[in-house]
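Structure first, commentary second.
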Protein chains: 2
Amino acid sequence: MDQERPLRERLIDVGAELVMSEGTGALGLREIARRAGVSHGAPRRYFPTHHSLLSAIARRGFADLGERFAQVAAGARNSTPRDRVRAIGCAYVGYALEHPGMFELMFRHDLLDSAGQDPSEEPRLRESTLPLFALLVALAGRCGAEEPSVTAAALWANLHGVAQLWLWGSLPLVLGENRAAGVERLVDAAVAAHLGGAPA
Amino acid sequence: MDQERPLRERLIDVGAELVMSEGTGALGLREIARRAGVSHGAPRRYFPTHHSLLSAIARRGFADLGERFAQVAAGARNSTPRDRVRAIGCAYVGYALEHPGMFELMFRHDLLDSAGQDPSEEPRLRESTLPLFALLVALAGRCGAEEPSVTAAALWANLHGVAQLWLWGSLPLVLGENRAAGVERLVDAAVAAHLGGAPA
DNA sequence: GCAGCTAGTAGACACTGTCTACGCACGCTG
DNA sequence: CAGCGTGCGTAGACAGTGTCTACTAGCTGC
């Protein structure tokens, strides 16, 4: 294909594909190098450590999620703020369920550099979620929340928990295996709970 | 100490201490064996695989959490169902923040046998959460929820997300580092959101 | 034409989880 | 008491991992 794409990018490509298809367990440094067609020492020139490569892959995950948010936000431009929150919530949980490996990686602080309290990591990975969160805060404000940032935080936590517990398997155990129905129900419940029950 | 305690139990003891003090990364099979004072092959007699030992450790974590629930339930016996839910929520998130390593292990399906779709695991690990969940369902019903199981699931997801995102570091980033205040606020918000705003 | 640098190779090292062969000490049987 | 089997743990080998260190093609600019 495009063998000319620089190795640094190719490694991230390969890693992202790998984590989406096989999960975080398959993200060995040597495995990524193998699939990129280089020796196991090659990645070291661009990523000083295994964790820094995984961080770059996770960063792409957050970027993908951001794009997704932008798409649903654009698609629902002239609907109510509440419906846009709902759409974003579905996008968040949907992303997690469609790409469980990537979603897991994005929040596996033990695999990422961000855990190391090392502020050298250029834009800290955690902080790359701030724009997404800001969007939620703004929408919460437009929905009339008294403390938009608290409401947005609570809502985010709710969505995150839905995604995580569904992937973990306890929610399907409790609500039935039908994913679309169960998730929609829980996202609706989360939005209604934190933004007020009135769907109008 | 009690060197007479059977090795199987001692391994779980050591593993639980280890994951609480050093985190999941320190839970190597050989490391546990070392700290228990036996050779690296010894655990194999009781746990056929590394994951099965970790599953046993996680099972103890769930048992601890269950005890904690029982304590707060007993302590708040004659308060309103709503306050009991609140107490349980604080217990859940509190456990996660006090023992982040153990909490992480309990939900790391890639480290546990439960992921393997292998139903041989005696009482499946996931299902050991069912009694705790049932307690929440009962309380939700007594609070007047229309669909107690859905409300309980949504509430659990909310609490779980709070714990996870706080540990991950994004919630402190957004709400400030003050743990007690931030967590209490979010737990209150979750209970109020899913059980209705009226504190009575 | 040759120095210098960049990108990638290849081997070593300590470490991991799994597997297998081997002993040691105990209790039961004759 | 002698002998044996069995449960419990040891010790070594094996493939695989992430990191580190030499080393080498191939290109650049002088």
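Numbered from 1 within each chain, the chains take letters A, B, ... in sequence-line order.
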Starting at [atom1] of [X] and ending at [atom2] of [N], how long is that distance when rounded to a whole Å?
{"X": "A:Leu29", "N": "C:dA10", "atom1": "CG", "atom2": "C1'", "result": "15 Å"}
{"X": "B:Glu31", "N": "D:dT17", "atom1": "CD", "atom2": "C1'", "result": "17 Å"}
{"X": "A:Leu27", "N": "D:dG16", "atom1": "CG", "atom2": "P", "result": "18 Å"}
{"X": "B:His51", "N": "C:dG17", "atom1": "NE2", "atom2": "P", "result": "9 Å"}
{"X": "B:Leu111", "N": "C:dG17", "atom1": "CG", "atom2": "P", "result": "11 Å"}
{"X": "B:Ile32", "N": "C:dC15", "atom1": "CD1", "atom2": "C1'", "result": "16 Å"}
{"X": "B:His50", "N": "C:dT16", "atom1": "NE2", "atom2": "P", "result": "10 Å"}

Within the pair B:Thr49 and C:dG17, is there a side-chain N or O less than 4.0 Å away from OP1 or OP2?
-> no
Aromatic ring proximity B:His160/A:His160, centre distance under 6.0 Å = no
A:Phe107 ring center near A:Phe62 ring center (under 6.0 Å) | yes
B:Trp156 and B:Phe133 aromatic ring geometry - parallel, tilted or perpendicular at 30°/60° bounds | tilted
Test salt bridge (charged side-chain N to carboxylate O under 4.0 Å, His left out) on B:Asp110 and A:Arg108 and set out the steps.
-> CA-CA 12 Å; B:Asp110 60 318; A:Arg108 274 286 295 280; 3.5 Å; yes
Go along nucleotides 6-12 of chain D 5' to 3' and tag each nucleotide: B for a protein heavy atom under 4.0 Å from its base, S when only backbone or sugar atoms are that close, - otherwise.
-> --BBB-B
Evaluate salt bridge (charged side-chain N to carboxylate O under 4.0 Å, His left out) for B:Arg68 paired with B:Glu98, printing each intermediate quantity in order.
-> CA-CA 12 Å; B:Arg68 202 162 166 138; B:Glu98 285 168 33; 2.9 Å; yes
Does a side-chain heavy-atom distance below 4.5 Å link A:Arg142 with A:Arg84?
-> yes
